[in-house]
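For ligands, and for the atoms within them, numbers begin at 1 and follow the listed sequence.
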Amino acid sequence: MATKETLFRRRDTGVFDARMARCHDELEWLFMELYDDRDALNTLELAMAEAWAARSPELKKLDAAREADPGWYRRGNMFGMTMYTDLFAGDLKKLARKLPYLKEQKLTYLHLMPLLKMPHPHNDGGYAVEDFNQVDPALGTNADLAALTKKLRAAGISLCLDFVMNHTASSHEWARRAKAGDPCYQNFYHCFDDRTIPDQYERTVPQVFPNTAPGNFTWCEEMHKWVLTTFHPYQWDLNYRNPAVLVEMTRSMLNLANLGVEVLRIDAVPYIWKQLGTNCRNLPQVHTIVRIIRMVLETVCPAVILKGEVVMAPRELAAYFGTPDKPECHMLYSVSTMVNLWSALASRDVRLLKAQLDALNALGPQCWFVNYLRCHDDIGWGLDEDVERYLGIDPQLHKEFLYHFYEGRFEGSWAKGEVYNYDPATRDARSCGTTASLCGVEQALEQGSEAALQTALRRDLLMHGAMAFFKGFPMLNSGDEIGQLNGWGYKNDPDLAEDSRNLHRTRFNWDNAAKRSEPGTLQNELWQGLEALRELRSDPCFGPDAWFTTWDTHNNGVLGLVRRLDSGRTLAGVFNFTAEPQHLWLDALGGAYRDRRTGAAADVRDLWLQPYEMRMLVNE
Ligand code: GLC
């Protein structure tokens, strides 16, 4: 068997050694603090050395380039998209053939939904992983994945893949061995002989799917034990108190990195550490583990960065960036601004959104966000209740308004969508639907109203425009660029019917995509609108060092955002979230402004916006 020493003797390990030397003390200290297990630490270090030795020269070159340019993912031209391989193209090989379509949109970042081996048909959209080292045969092979990342890299597109850290499928080999009675593998999970401890956990741990998967434990008949299953019964939570779990998961993570994956989306990361008597979210040990992973990546494959899936309030988010000296994630989803955008659109009031943007901005310069409107998941109405109360908004009533509004059940609602995981005990619920359908496109088409359609498209582009202005970079949900509608047909498929997130997980409509170049079609209108946004983001004010802030517009229906460079160049964006013309002014901005698109002079102390209009103003 190879040891660290034999591996090192065979190759020039100078680069690896130097990187290891930079973090070794901290890595050792954190690992030993968590596990007090030197053998496990040695195994981890060996896995790192092996992964480095196996890394291709091409990827090592990329590592060096990224080390010299660590802010590469903060450039203004970053533009992302997320999609399911099968829904978009069928499989990985076919997806590679669709590259021209992605290049046409000047994408620089592609997030493919989970594609590792999974059980069929119940796999939570791929989030139940059966083998972290193998692509699902229905989608292709590891070689197909490596070939795709290579092609994408040549096109300037970084591939992001999920790393589902919190759990495995109940059909994963570790779970199968646990079921067969192997205590070593039972220790990879949280298994209990009776309800004593599970009942204690249930007292403090909230439920993720109260409706579709109630409770946090599942009885396993083969094992004759209860097993912790925070998400679905077929997703077994891993036990990170066992160092072998962290070591093995890290090994798989490095395998993906060596296949050319450049961004790892660490799924459900706040949940990975469990502690009786707590809510089992965001515990300090989670941060120790993320920090360890960051150091492992920086040592073995510094081209690879971490995106955290942290669906939490801003005060929790900050910790996932770590500190400037001891960073954790490179970027996080901006979940709360996404939710607040939808809330502002329905309520025609931007105050909560503005407060949320201010709270995120206050987190400091190291924070960087992936901004988005829709993804494969639902919209969970996690608004800041303190701010709501301060503004005189009843949090519970507002939440009920929102999920009924986006279900289309509220008087005057333009939206078509569905409620997700309604909990009768708390009257809590989330919402599902595509961007276009939630913005009114579906209803307008049903009504055959051209005027309603135009309004819906303006809403859709307003939402994209605001989102593209925020700190971080924008990520589209595949299909949004052509106004893909809800797919109600999922209700007729028994394998999909139970999960209303399938409403917006639909097959990509290539016929509609073909209309993107036909003037007069809604696809063309959206396509051009998004084109204009990409052009906007080429403005120097979207550079990584630009200063970003919200700005008072003296109008609760209008969001004001400002980006400024040290040179003084200032870009102001104003966004009307209402169906009426609005008057606004931006005081104390100083200087003369012009409309960035038309070049016409604009008086920032006296501006009008049409319904759902946005304008970009730049100083001269
Ligand atoms: C993440 C995913 C979601 C999945 C869950 C469990 O939140 O986005 O789709 O259900 O993790 O893995």
Side-chain angles (χ1 to χ4, degrees), residues 80 82-87 111-119 121-132 136 160-172 175 189 205-216 218 227-238 240 249 252 263-272 274 280-282 286 306-313 316-317 320 329 331-336 338-339 370 372-382 420-421 430-433 475 477-478 490 495-496 498-506:
T82 176
M83 61 173 62
Y84 278 100
T85 304
D86 54 342
L87 296 178
H111 171 201
L112 290 182
M113 297 307 296
L115 47 72
L116 298 180
K117 193 163 184 300
M118 60 186 99
H122 295 293
N123 51 47
D124 187 24
Y127 285 95
V129 180
E130 221 166 55
D131 185 345
F132 291 95
D136 191 79
C160 166
L161 273 200
D162 280 85
F163 196 73
V164 184
M165 289 192 72
N166 180 66
H167 43 259
T168 73
S170 56
S171 46
H172 188 286
Y189 301 97
V205 183
Q207 302 184 41
V208 176
F209 300 124
N211 197 320
T212 47
N216 284 295
T218 300
V227 59
L228 179 61
T229 55
T230 304
F231 291 85
H232 292 97
Y234 54 83
Q235 289 164 309
W236 286 20
D237 287 55
L238 283 164
Y240 279 88
M249 293 299 275
S252 298
V263 185
L264 290 165
R265 173 192 184 273
I266 42 180
D267 178 63
V269 61
Y271 299 78
I272 61 174
K274 329 288 170 180
C280 296
R281 314 277 201 262
N282 308 308
V286 172
L306 286 176
K307 170 172 74 164
E309 192 229 2
V310 182
V311 184
M312 299 283 158
E316 252 93 49
L317 283 192
Y320 287 87
C329 292
M331 53 196 184
L332 300 180
Y333 281 95
S334 193
V335 186
S336 52
M338 179 276 286
V339 173
V370 181
Y372 66 113
L373 297 175
R374 297 295 296 113
C375 66
H376 66 292
D377 275 331
D378 48 286
I379 304 173
W381 298 109
Y420 181 60
N421 265 281
R430 289 119 76 169
S431 299
C432 292
M475 185 175 74
N477 198 24
S478 166
Y490 87 91
D495 289 338
L496 305 177
E498 246 183 42
D499 193 331
S500 38
R501 290 179 298 179
N502 290 313
L503 180 65
H504 51 256
R505 297 175 180 178
T506 52

(request) Look at the aromatic rings of Tyr84 and His376 and report parallel, tilted or perpendicular, splitting at 30° and 60°. (result) perpendicular

(message) Checking side-chain polar atoms at under 3.5 Å, does Tyr127 have a donor or acceptor matched by the opposite partner on Asp162?
(response) yes

(request) Taking side chain to side chain contact (heavy atoms under 4.5 Å, CB included) as the test, write out the residues that go with Pro270, two or more places apart. (result) Asn282, Val310, Met312, Tyr320

(request) Just jot down the salt bridge (charged side-chain N to carboxylate O under 4.0 Å, His left out) partners of Arg501, sequence neighbours excluded, or say none. (result) Asp124, Asp377, Asp499

Could you list each N/O atom of ligand 1 together with any protein N/O atom closer than 3.5 Å, one pair per line with the distance?
| from | atom 1 | to | atom 2 | distance (Å) |
| --- | --- | --- | --- | --- |
| ligand 1 | 7 (O) | Glu309 | OE1 | 3.3 |
| ligand 1 | 7 (O) | Glu309 | OE2 | 2.8 |
| ligand 1 | 8 (O) | Arg265 | NH2 | 3.1 |
| ligand 1 | 8 (O) | Glu309 | OE2 | 3.4 |
| ligand 1 | 8 (O) | His376 | NE2 | 2.8 |
| ligand 1 | 8 (O) | Asp377 | OD2 | 2.4 |
| ligand 1 | 9 (O) | His376 | NE2 | 3.0 |
| ligand 1 | 9 (O) | Asp377 | OD1 | 2.7 |
| ligand 1 | 9 (O) | Asp377 | OD2 | 3.4 |
| ligand 1 | 9 (O) | Arg501 | NH1 | 3.2 |
| ligand 1 | 10 (O) | Asp124 | OD1 | 3.2 |
| ligand 1 | 10 (O) | Asp124 | OD2 | 2.6 |
| ligand 1 | 10 (O) | Arg501 | NH1 | 3.2 |
| ligand 1 | 11 (O) | Asp267 | OD1 | 2.9 |
| ligand 1 | 11 (O) | Asp267 | OD2 | 3.2 |
| ligand 1 | 12 (O) | His167 | NE2 | 2.9 |
| ligand 1 | 12 (O) | Asp267 | OD2 | 3.0 |

(request) Name the orientation class of the two ring planes belonging to Phe163 and Phe132 (parallel below 30°, tilted from 30 to 60°, perpendicular beyond 60°). (result) tilted

(request) Name all residues meeting the salt bridge (charged side-chain N to carboxylate O under 4.0 Å, His left out) criterion together with Asp136; count only those two or more places apart in sequence or in a different chain, and write none if there are none. (result) none

